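What follows is one structure encoded as structure tokens, with my remarks underneath.
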Amino acid sequence: MRADVKTSKALVFGGTGVVGSAVLKRLAHAGVPTVFTYHRSIEKAEAMAAEYSQRAVPIDLAEPNAIRGLIEDLERDQSAPDLFIHCAATSQNLELDGISDDAWHRVQRVNAHSAFVACQALAPCMAQHGSGHMVLVGALDRAQSIALPVHFAASQGALAAMTMTLGKELGPRGIRVNMVALGLLDAGLSREIAPELVLDYKNFSALRRVGTPDEAARAIVWLALENTYMNGEVLPVNGGL
């Protein structure tokens with residue numbers, strides 16, 4: 001663990017999800033002061049905040065001004081994060097003809113646009129301090145082909161593209177932007193995948209199994225706390241798909 005980890009502050013979007021919860025646990029064990037967002041899971045958020053000595057903030061990530069307001073509040077309170085981890089995701093298991101305009105826009109706003117808004121708002125303060133880490137969590141590594149709802153897949157492709165371009169733009173300012181592309185897990189949104197597709201996934205996986213939220217969190221927190229040179233890249237964590 002880096003010697004300066006305890007001087008860092010983290011902001012995590014989607015802290016009550018299965019991956020976000022595992023990330024918060026690891027950040028707590030590393031002694032990193034953390035603010036995390038949640039939408040509806042108030043009881044879980046309050047319990048986690050108490051257990052890990054973290055701050056839970058209710059927010060709808062589909063609302064850009066709410067995100068900007070949160071980051072402005074953190075900067076005003078001298079709690080501006082130098083670590084940002086975007087674990088938030090929403091989806092519906094819909095086929096092409098069942099995706100409404102509202103469903104499309106909701107998924108893009110929560111999964112991709114919220115990451116853009118946060119990166120845009122956080123970058124100036126990180127650049128002023130000459131250092132920052134942004135880790136986006138998604139489900140596509142720009143190479144693998146998985147049967148996913150098209151509106152969800154589009155949002156994940158946006159994350160990968162943003163990672164590449166933000167790494168180039170923000171790297172000269174000391175900010176590292178990377179993405180962890182997760183394979184199927186044994187919890188969370190992965191449970192919405194049809195059983196026959198899960199079986200196909202296992203057959204094509206080098207490890208012949210799905211992953212766990214803790215395995216995902218290990219890679220995510222490593223990028224946030226340990227990485228010093230990787231930038232603008234997508235790290236596949238999928239069991240060797």
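Keep in mind the model is a prediction, meaning the values are calculated, not measured.
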Please find the pair of heavy atoms, one from G167 and one from N231, that lie closest to each other, and give the distance. O-ND2, 3.3 Å

Could you grab the distance from atom CZ of R26 to atom OG1 of T34, nearest 0.5 Å is fine? 13.5 Å

Exercise answer: donor-acceptor pairs, residues 49-62 side-chain atoms, under 3.5 Å, sequence neighbours excluded:
{"from": "Q54", "atom 1": "NE2", "to": "L24", "atom 2": "O", "distance (Å)": "3.1"}
{"from": "D60", "atom 1": "OD1", "to": "A62", "atom 2": "N", "distance (Å)": "3.0"}
{"from": "D60", "atom 1": "OD1", "to": "R106", "atom 2": "NH1", "distance (Å)": "3.2"}
{"from": "D60", "atom 1": "OD1", "to": "R106", "atom 2": "NH2", "distance (Å)": "3.1"}
{"from": "D60", "atom 1": "OD2", "to": "R106", "atom 2": "NH1", "distance (Å)": "3.2"}

Among all residues two or more places apart in sequence or in another chain, which pass the side chain to side chain donor-acceptor pair (under 3.5 Å) test with R40? none

Separation of D214 CG from D186 CG (nearest 0.5 Å): 10.5 Å

Roughly how far, to the nearest 0.5 Å, is the CZ atom of R173 from the NE2 atom of H129? 15.0 Å

Compare all side-chain heavy atoms of I71 with those of L11 and state whether any distance is below 4.5 angstrom. yes

Can you measure from CD1 (I99) to NE2 (H105) and round to the nearest 0.5 angstrom? 12.0 Å

L136 and its side chain to side chain contact (heavy atoms under 4.5 Å, CB included) partner, picked from I85, N178, T163, V180: T163

Excluding I42, membership of its hydrophobic cluster (Ile, Leu, Val, Met, Phe, Trp, Tyr; side-chain heavy atoms within less than 4.5 Å) reads Y38

Shared hydrophobic cluster, F13 / V107 (ILVMFWY, side-chain heavy atoms < 4.5 Å): no

Is it true that a side-chain atom of D82 and a backbone atom of G132 form a donor plus acceptor pair closer than 3.5 Å? no

Give a yes or no on whether D101 atom CG has more than 12 heavy-atom contacts from other residues, nucleotides or ligands under 6.0 Å away. no

For the student: nearest non-hydrogen atoms of A219 and V237, plus distance: CB-CG2, 3.7 Å

Give the table of side-chain donor-acceptor pairs shorter than 3.5 Å for residues 109-116, with sequence neighbours excluded, one pair per line with atom names and distance.
{"from": "N111", "atom 1": "OD1", "to": "T90", "atom 2": "N", "distance (Å)": "2.8"}
{"from": "N111", "atom 1": "ND2", "to": "T90", "atom 2": "O", "distance (Å)": "3.0"}
{"from": "N111", "atom 1": "ND2", "to": "S155", "atom 2": "OG", "distance (Å)": "3.2"}
{"from": "S114", "atom 1": "OG", "to": "H86", "atom 2": "NE2", "distance (Å)": "2.8"}
{"from": "S114", "atom 1": "OG", "to": "V110", "atom 2": "O", "distance (Å)": "2.6"}

Consider only side-chain heavy atoms of I, L, V, M, F, W and Y, link residues closer than 4.5 Å, and tell whether V150 and F152 are in one cluster. no

Does the side chain of M126 reach to within under 4.5 Å of the side chain of L170, using non-hydrogen atoms? no

Within this structure, what is the NZ-CG distance for the pair K9 and L27, rounded to the nearest 0.5 Å? 14.0 Å

For a quick test of reading the model, state the closest non-hydrogen atom pair linking L122 to P81 and the distance between them. CD2-CG, 3.6 Å

Where V32 and S8 come nearest, the two heavy atoms and their spacing: CG1-O, 3.8 Å

Distance-only donor-acceptor hits, side chain of residues 14-21, under 3.5 Å, sequence neighbours excluded:
{"from": "S21", "atom 1": "OG", "to": "G15", "atom 2": "O", "distance (Å)": "3.2"}
{"from": "S21", "atom 1": "OG", "to": "G17", "atom 2": "O", "distance (Å)": "2.7"}
{"from": "S21", "atom 1": "OG", "to": "K44", "atom 2": "NZ", "distance (Å)": "3.3"}

If you define the side chain from C-beta out and look only at heavy atoms, does anything of S79 sit under 4.5 Å from V35? no

When rounded to the nearest 0.5 angstrom, what distance separates CE in M164 from CG in L159? 13.0 Å

Looking at every heavy atom in both A139 and M179, which two are closest together, and how far apart are they? N-CE, 4.1 Å

Exercise: identify the closest heavy-atom pair between L223 and H133: O-ND1, 3.8 Å

Between the side chain of D73 and the main-chain N/O of E75, is any donor-acceptor distance below 3.5 Å? no

Restricting to ring pair (Phe, Tyr, Trp, His ring centres under 6.0 Å), what partner residues turn up for F36, sequence neighbours left out? none

